[in-house]
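First up is the structure itself, then whatever we jot down about it.
When a residue number appears, it is its place in the shown sequence, counting from 1. All values below were derived from every heavy atom in this structure, side-chain atoms included, with hydrogens, water molecules and symmetry-related copies excluded.
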Amino acid sequence: MMTSAGGKIQSPANGTGHSDMEYGEAEMDFNWDEYLEELGATAAPHTSFKHVELSLQSSFQPGMKLEVANKTCPDTYWVATIITTCGQLLLLRFCGYGDDRKADFWCDVMTAELHPVGWCTQNNKRLQPPEAIKEKHSDWTEFLIKELTGSRTAPTNLLEGPLRGKNTVDLIVSGCVLEIRDACEPCVYWAARVQRNVGGRLCLSYIGLDDPAHFIWIFYLDTRLRPLGWAKENQFPMEPPTELRDMKSSEEWTEALEKATAEALKKPLPLEVFKDHADLRKHSFRTGMKLEMVTPREPFHICPASVTKVYNEYYFQVTVDDMTAEATPRSVVCHADSPAILPVQWCLKNGVGLEKPRGFQSQDFDWADYLKYSGTEAAPEACFLNASVSRGFCKDTWLEAVNPLQPAEFCVARITQVKGQLLWLRFEGLSKPLADCIVDVESMDIFPVGWCEANSYPLTAIRKAVCQSQKKIAVVQPEKQSIPSPMENIPLDLCQSVTMDTGSVNGKYCCSQIFINHRCFSGPYLNKGRIAELPQTVGPGKCTLVLKEVLTMLINSAYKPARVLRELQLVEDPKWNCLEETLKAKYKGKSYRSSVRIVRLAEQVSDFCRTVCVRLQCCPNLFGPTLVSDNCPENCSIYTKTKYTYYYGKRRKVGRPSLAESTQDGDTAKSSRRRKKRKTIFVQKKRRSSVVGYNNTESPQDSDYFYEDDDDDSVSEEGSSSEPHEEAPPRSYMDVSRRGRPRRSITQRRVTHPGTTDQSPLRRTTRSHSYTHNQPSGHACTKPDHTEEEEARLVLERNPLEWSVSDVVDFIMSTDCASLAKIFQEQDIDGQALLLLTLPTVQECMDLKLGPAIKLCHQIERVKVAFYSQYAN
């Protein structure tokens, strides 16, 4: 079988004299979306990478049995079968229901009370069938014996302990020991320790040899890997690798193996890791047969090869034909399903050049003459896999691939040819260009776009981008400090990379580090999860460059980046010494750009950061020169996205007043005009959304509701004039209410303080979609000392735990996510399953992009909030 050779773990410098720092910045700045958009290219479909798809599957398998708490009868349990999985969610059916799907229910592995079969017996717990089927069988003991005979129970370690709920690939942790087949001797195995697990791609060290020069990279689904003890169980010898055997004495190898085995058996690698390993089929090759093969170790050509040895019914050896006197055999161990072995005449049929054997005298290579000359036969086509399967790969699509000469390096690659089951890849970003690399569609060394980023592994960026960035930094002249660098991708440590005069490095134009305090409240616009992924510090460096980098990070961390960009435009103070910088945002496939004023002086940085935070309605200490450890001075941890906006944002009248704010004495006529304008916009938006039968509470998704269509030309869109909107389906409120589904609340919750009266006129909230129709327009603004901001909320007529699949579909149809209702119908998601859905599971199981997934999760969160407020108690 063809596998990646061992290689040193090093940064991909590709043998050049450039340092890692010089190229590291460009690698961080490489963005697949921007790169593909610039080229007008597309990525290879994720579904084409079979090994990656398998690595993302749950460790639980349909058909597994487990014991589940019976909610209808406390302190009792019953056996259930796993119907399907969705991330850490399991769809279960109690045994006894047969094929009846009505009682299927979802549960979360991390929170539900689940146990392996036999747990109740061991812990003296009562097994009792649900009431609905209690009379179905007279002898439930006999029924369970028949039901469980030959079935497979869910593993204990996946239901409790540190491995609970983990995916298969996550079960492999550093330090685990497994067995690996020798690359040259298929019947010999040796133990190896996991040094690193990158999304299922394992870096292994042979037991007894910890030199990084001999580490190997291999995907966990490779058939060379077996669980510890497998060789002994199947009576195969345990010997060090052939090429490394002479590096130590036999006693040293044996001692190292015994020590490692004893330690590993204390915490063995779960057998679930190997559940997706393909079973080898028997081959039909005989010694002397000829075939075509991609050259091993340097896969740039296809050449004639011969079967030189048959080990057993599963393995055989193939050697590249070489007729030179000093030929060194280039052999590889194969099995019936090995990639990159092809039948005779494959190249001719597919219009691909076949490299003639070394030392072959004739100018032209012809298989008929060659077989007659060598006195051999061609391997029958029945010996090979289907040689025409392309698995959906297309020419000129892009992917990420392992550099065949440096297995630790991942490169940007483009498919230049697709012939049958072979792909020709052109690697980008290498200092020394390689010929197009030939890989099989089943190769475990190719990965979809974004795989490295998802697994926090470096991807060798395009060299052209590196050179341009370095040149742009170098041209910054000392006398032109006030002019911003045209560089778009700014490294985090700005003082080390940007050329500045000595007078400003430690002077008033250079600021210290800016801290991003991940624990502080992120407000309604910024995604808490994305904020947590940002670096803790940026800088030190030139004020405008450091702050531009921070603001760019905030824009990219927003639910709707264009909205945050618009808010940043309004951050200004006449006392500041500012410089205009152009910032960009991308949302729903469209690009936006705008000029934002950024302070130049170090003494104004703190005030600027605080003002930006207030503008974005987040904690004033979210970012700035001050590091917040555990407890924020603002005590922002106690607030929710709704409450914090009121108590903090309304307490300090900073920035543009919201729609519902009252008119203060001294407000300018300009402010009044602005409010009047937005009021009109609000009514128009209200009218458009009134067809939806539910109220929307404040959330990150609707926080920019009133400004989407605002006549503001300060944010320009590249290629479009405004952000796209999705109209809600014309579904009437009465339709939904009649079915017992959530109804629209036509009243508003009113919060009063002692001393206030209930007769105070209502106010409408800035972010509420609900507005009382009969309320006079003159009541839109009232004095804040009479009553606080009112918030509309979703009111449910029935507990969502009782919703059927059709009820859930009705609810989704009545929202702006109506196009996704079909998915809920197909996946049989009822009310219980709906309440368990989160953003990661929605993205993974429904295959949605981030934008639609967030929009859908917003609607689900509304149901959750209403459920907790109405039924949880």
Side-chain angles (χ1 to χ4, degrees), residues 58-156 158-160 164-165 739-741 796 798-811 824-837 845 867 871-872:
S58 170
S59 301
F60 294 95
Q61 297 296 303
M64 282 185 174
K65 308 286 186 182
L66 64 165
E67 294 177 358
V68 187
N70 192 344
K71 294 182 180 180
T72 59
C73 189
D75 299 325
T76 64
Y77 299 81
W78 191 240
V79 179
T81 304
I82 298 176
I83 304 301
T84 189
T85 64
C86 178
Q88 64 186 37
L89 299 179
L90 305 179
L91 181 63
L92 303 179
R93 182 183 302 165
F94 280 123
C95 292
Y97 277 96
D99 295 329
D100 187 0
R101 300 168 55 187
K102 293 181 181 178
D104 291 2
F105 59 98
W106 290 90
C107 66
D108 190 330
V109 178
M110 302 304 293
T111 57
E113 190 176 356
L114 307 176
H115 304 283
V117 173
W119 180 86
C120 286
T121 303
Q122 296 173 1
N123 294 273
N124 297 321
K125 299 293 183 180
R126 186 180 177 186
L127 272 176
Q128 178 179 309
E131 290 292 333
I133 58 172
K134 198 170 184 179
E135 306 300 328
K136 197 171 183 180
H137 295 275
S138 57
D139 190 345
W140 283 101
T141 303
E142 182 182 352
F143 169 80
L144 278 184
I145 292 175
K146 292 181 179 179
E147 186 77 11
L148 296 176
T149 301
S151 64
R152 183 185 177 196
T153 181
T156 305
L158 298 182
L159 296 173
E160 49 193 52
R164 181 176 183 176
R739 293 198 55 165
R741 303 294 305 115
L796 304 177
R798 192 151 62 92
N799 192 330
L801 292 177
E802 301 172 0
W803 288 4
S804 64
V805 175
S806 60
D807 291 333
V808 173
V809 171
D810 286 344
F811 171 73
F824 287 77
Q825 184 73 53
E826 292 174 347
Q827 299 194 15
D828 292 330
I829 298 177
D830 58 13
Q832 294 185 34
L834 181 73
L835 294 179
L836 291 172
L837 292 178
C845 303
F867 165 72
Y871 300 102

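More than 12 heavy atoms of other residues, nucleotides or ligands lie within 6.0 Å of CD in E826, so this atom counts as buried by the packing criterion.
Distance OG1/T76 to CD/E67: 11.5 Å, rounded to 0.5 Å. L834 contributes atom CG, which lies 8.5 Å from atom CG of D830 (distance to the nearest 0.5 angstrom). Atoms CD and NE2, on E147 and H137 in that order, are 8.5 Å from each other to the nearest 0.5 Å. Rounded to the nearest 0.5 angstrom, I829 CD1 and D104 CG are separated by 13.0 Å. Considering CG of L148 and OG1 of T153, their distance stands at 8.5 Å, rounded to 0.5 Å. A distance of 6.5 Å separates CG in L837 from CG in L89, rounded to the nearest 0.5 Å.
Evaluation of the salt bridge (charged side-chain N to carboxylate O under 4.0 Å, His left out) rule for R126 yields no partner, not counting sequence neighbours.
Residues P130 and Y97 meet the side-chain proximity criterion, which asks for heavy atoms closer than 4.5 Å. The closest side-chain heavy-atom distance from C107 to L92 is below 4.5 Å. You'll find the side chain of N70 stays beyond 4.5 Å of the side chain of Y77, heavy atoms only. Between F143 and P129, the closest side-chain pair of non-hydrogen atoms is not below 4.5 Å.
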Carefully, step by step, assess R798 and D807 under the rule side chain to side chain contact (heavy atoms under 4.5 Å, CB included).
CA-CA 10 Å; R798 192 151 62 92; D807 291 333; 2.6 Å; yes

Report the C-alpha distance between R93 and D100 in whole Å, list the side-chain angles of each, state the deciding distance to 0.1 Å, and finish with yes or no for salt bridge (charged side-chain N to carboxylate O under 4.0 Å, His left out).
CA-CA 9 Å; R93 182 183 302 165; D100 187 0; over 6 Å; no

Where do L91 and T85 land on the side chain to side chain contact (heavy atoms under 4.5 Å, CB included) test, with the steps shown first?
CA-CA 6 Å; L91 181 63; T85 64; over 6 Å; no

Test F94 against F105 for ring-ring contact (aromatic ring centres under 6.0 Å, His included), laying out the working first.
CA-CA 9 Å; F94 280 123; F105 59 98; 5.1 Å; yes

Please lay out, stage by stage, how L66 and F60 fare under the test side chain to side chain contact (heavy atoms under 4.5 Å, CB included).
CA-CA 11 Å; L66 64 165; F60 294 95; 5.6 Å; no

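A distance-only check finds no donor-acceptor pair linking the side chain of W803 to the backbone of V809 [under 3.5 Å]. Y871 places a side-chain N or O within donor-acceptor distance of the main-chain N or O of L796, the cut-off being under 3.5 Å.
Taking the six-membered ring where the residue is Trp, H115 and W119 present parallel rings, their angle staying beneath 30° rather than reaching 60°.
In summary, K125 and D75 do not engage in a salt bridge, as defined by a charged side-chain N under 4.0 Å from a carboxylate O.
For the residue pair T84 and P62, the shortest heavy atom distance occurs at CA-CG, 4.4 Å. Contact between C73 and Q128 at its shortest, heavy atoms only, is SG-NE2, 3.6 Å. For the pair I133 and W140, the tightest heavy-atom approach, listed with the atom from each and the gap, is O-CZ2, 2.9 Å.
Between the side chains of K65 and S151, no donor-acceptor pair is found at a separation under 3.5 Å.
Shown are L835, L90, L836; of these, the side-chain contact (heavy atoms from CB on, under 4.5 Å) with W106 is made only by L836.
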